[in-house]
Amino acid sequence: MKKMSNIYESAANTLGIFNSPCLTKVELRVACKGISDRDALSKPDPCVILKMQSHGQWFEVDRTEVIRTCINPVFSKLFTVDFYFEEVQRLRFEVHDISSNHNGLKEADFLGGMECTLGQIVSQRKLSKSLLKHGNTAGKSSITVIAEELSGNDDYVELSFSARKLDDKDFFSKSDPFLEIFRVNDDATQQLVHRTEVVMNNLNPAWKTFKVSVNSLCSGDQDRRLKCIVWDWDSNGKHDFIGEFSSTFKEMRGAMEGRQVQWECINPKYKAKKKNYKNSGIVILNQCKIHKMHSFLDYIMGGCQIQFTVAIDFTASNGDPRNSCSLHYIHPYQPNEYLKALVAVGEICQDYDSDKMFPAFGFGARIPPEYKVSHDFAINFNEDNPECAGIQGVVEAYQSCLPKLQLYGPTNIAPIIQKVAKSASEETNTKEASQYFILLILTDGVITDMADTREAIVHASHLPMSVIIVGVGNADFSDMQMLDGDDGILRSPKGEPVLRDIVQFVPFRNFKHASPAALAKSVLAEVPNQVVDYYNGKGIKPKCVSEYESSRTLAP
């Protein structure tokens, strides 16, 4: 155990990447008021998109659900972001009107935006600002963002509700019920925690199971009052009240191990007026599951190894390595971009790998002895054992293989992703958190097998692996951004979405004049969350509880 923590400490000191001194997770909730629409006859269908600024560019982080026909939306979905005390984190909230037949942003109308820093929201707890459109205020519309720190306990709970014999509010059909759950705060204000989907035309609905953090549900206080309201959805946005009930998380925990908890849904007006009024239906909690959330450090210190693999682009577009203009030119004193990127990222990853042996592959070259094109050859030319000793070993293998290759093409990266995915899928049979695979692909150009690559990434998103692509040189990398699912969801050619976002793409030119640590930080920033998402999503616990984890305060 001692050895693992030493490895961890040395890595943490190298970059301070995985445990920034003041890293906290913050939940942001969003509501808008007075949104005006381009079309005066109809109300907008608003959705809020959260963007973050990185190196001068805005990237989409997440988006809320779309609320139909509503000018004062309170969104149920919350944004979870990492807060770094020592960094200025610029945020942009954009409100878009998303037409019902199209969920993308192509046809969406921009209704207004608001920019601020995460520090401003965190320090004020609640930030309200006017929405701006092309620099001017967008009517009287405003947006409010509320921040809450996820304190220590980031466990989450899975709840599954249904109802029976709800009151019928519609003349020509049955009610279209949905359920809202509010947390009652210490100052008696109510905070929306979750809004279910609408079940159409059904007085006995079963709503979809949903997950919510314990922090969000009850601020870690099991006895805090929760107010639950059942509504009958109406397309004009004026929903009819069916009934309400109160509960606590403590009471909801009664629905564990196959038991149910039930509440009478009461309409206070009917209760006051009607003598023989019983209720407006029964709401049932069919299951309550609590999921323990483990952190990246829990897995690393529990013995999970990061298996680091490198793949290098040897296509002809790099230029003849003997020519000083080539991206593969070996200068006696100055490492080329391939080497700089390899060393910057590799040096961090090697701290998390106990044997320090790294498989290294090349693609897009004709290789000896037959000089056939290969898209996944070992750069030490030992197909049975493509591993190199340490990052230095990879650097040496790279330099010695260059004169023996014929740079060729095309730029196909699917074969190498499939090769690492094969190792990762063998790892899934162990059903434990022992090896997580990171594939670093260094390439100078736009890939030619985009369809196969998308297919390979969607497949790999189900496995313990992440893919980091560093674009070297000055090519147009706009196609590559599509693989990094930050601005929308990557899908395979057949339309299957990625299970989780596992690709991080970074153009090296953005870091040409920055330190190697800046490149590594940008490239590896998403890895800890990707590791945690994979294992937590599969319900796989760290192999052995580390001293680190047992020292964390655990809620009862």
Side-chain angles (χ1 to χ4, degrees), residues 1-21 23-25 80 82 150-158 211 213-215 289-309 345-358 420-421 423-439 460-468 499-502 520 524-556:
M1 195 56 239
K2 187 87 184 85
K3 186 170 151 232
M4 272 315 289
S5 25
N6 285 354
I7 286 181
Y8 160 67
E9 275 158 25
S10 69
N13 297 340
T14 325
L15 245 200
I17 212 179
F18 295 144
N19 73 331
S20 177
L23 166 62
T24 318
K25 284 205 178 302
T80 306
D82 290 335
L150 270 173
S151 50
N153 182 0
D154 44 5
D155 298 352
Y156 64 94
V157 59
E158 200 173 306
K211 290 175 184 170
S213 72
V214 172
N215 198 71
K289 276 188 195 165
I290 296 171
H291 295 268
K292 175 95 206 83
M293 289 298 276
H294 299 283
S295 73
F296 177 64
L297 292 188
D298 293 338
Y299 286 106
I300 291 296
M301 299 175 94
C304 181
Q305 296 284 308
I306 299 289
Q307 297 294 335
F308 180 63
T309 302
V345 179
E347 283 193 333
I348 303 297
C349 291
Q350 73 179 358
D351 282 333
Y352 296 89
D353 186 336
S354 57
D355 74 355
K356 307 276 185 282
M357 298 297 289
F358 305 118
V420 175
S423 304
S425 87
E426 286 162 11
E427 169 61 21
T428 56
N429 302 331
T430 66
K431 303 263 190 297
E432 57 179 36
S434 48
Q435 291 189 330
Y436 189 92
F437 293 78
I438 292 181
L439 168 59
S461 71
H462 293 260
L463 301 170
M465 73 178 274
S466 296
V467 180
I468 293 166
L499 181 66
R500 48 195 193 93
D501 181 10
I502 62 162
L524 293 170
E526 293 183 20
V527 168
N529 286 338
Q530 289 172 352
V531 171
V532 166
D533 285 352
Y534 174 77
Y535 290 121
N536 276 327
K538 287 266 189 286
I540 298 174
K541 296 181 171 69
K543 284 206 303 185
C544 53
V545 177
S546 63
E547 297 153 42
Y548 170 76
E549 186 179 3
S550 54
S551 70
R552 283 165 69 203
T553 49
L554 298 181

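These numbers come from the heavy atoms of this one structure, side chains and all, not from hydrogens, waters or symmetry mates.
- The ring pair (Phe, Tyr, Trp, His ring centres under 6.0 Å) test applied to Tyr534 returns no partner, not counting sequence neighbours.
- Partners of Glu158 according to the salt bridge (charged side-chain N to carboxylate O under 4.0 Å, His left out) rule, which considers only residues two or more places apart in sequence or in another chain, do not exist here.
- Judged as a side-chain contact (heavy atoms from CB on, under 4.5 Å), and not counting sequence neighbours, the contacts of Ala424 are Phe437, Leu463, Pro464, Met465.
- Partners of Ser466 according to the side-chain contact (heavy atoms from CB on, under 4.5 Å) rule, which considers only residues two or more places apart in sequence or in another chain, are Tyr436, Gln530.
- Across Leu499 and Ser461, no two heavy atoms sit closer than the pair N-OG, 2.9 Å.
- The environment of Lys289 atom NZ is sparse: at most 12 non-hydrogen atoms of other residues, nucleotides or ligands sit within 6.0 angstrom.
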Requested in this report: For the pair Val420 and Val467, evaluate side chain to side chain contact (heavy atoms under 4.5 Å, CB included) and give the outcome as yes or no after the intermediate values.
Outcome: CA-CA 10 Å; Val420 175; Val467 180; over 6 Å; no

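- Residues Asp501 and Glu526 form a side-chain contact, since some pair of their non-hydrogen atoms from C-beta on lies under 4.5 Å apart.
- Evaluation of the side-chain contact (heavy atoms from CB on, under 4.5 Å) rule for Ser434 yields Glu427, Thr430, Glu432, Lys543 as partners, not counting sequence neighbours.
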Requested in this report: Using the side chain to side chain contact (heavy atoms under 4.5 Å, CB included) rule, take Tyr535 and Cys304 through it: C-alpha gap first, then chi angles, then the decisive distance, then the call.
Outcome: CA-CA 11 Å; Tyr535 290 121; Cys304 181; 3.9 Å; yes

Report task. Apply side chain to side chain contact (heavy atoms under 4.5 Å, CB included) to Asp82 and Asn529, showing your working. Result -> CA-CA 10 Å; Asp82 290 335; Asn529 286 338; 3.7 Å; yes

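- Taken to the nearest 0.5 Å, the OG1 atom of Thr428 stands 11.5 Å off from the CD atom of Gln435.
- Note on ring orientation: taking the six-membered ring where Trp is involved, the planes of His294 and Tyr299 are perpendicular (angle over 60°, cut-offs 30° and 60°).
- Under the side-chain contact (heavy atoms from CB on, under 4.5 Å) criterion, Asp533 pairs with no residue at all, not counting sequence neighbours.
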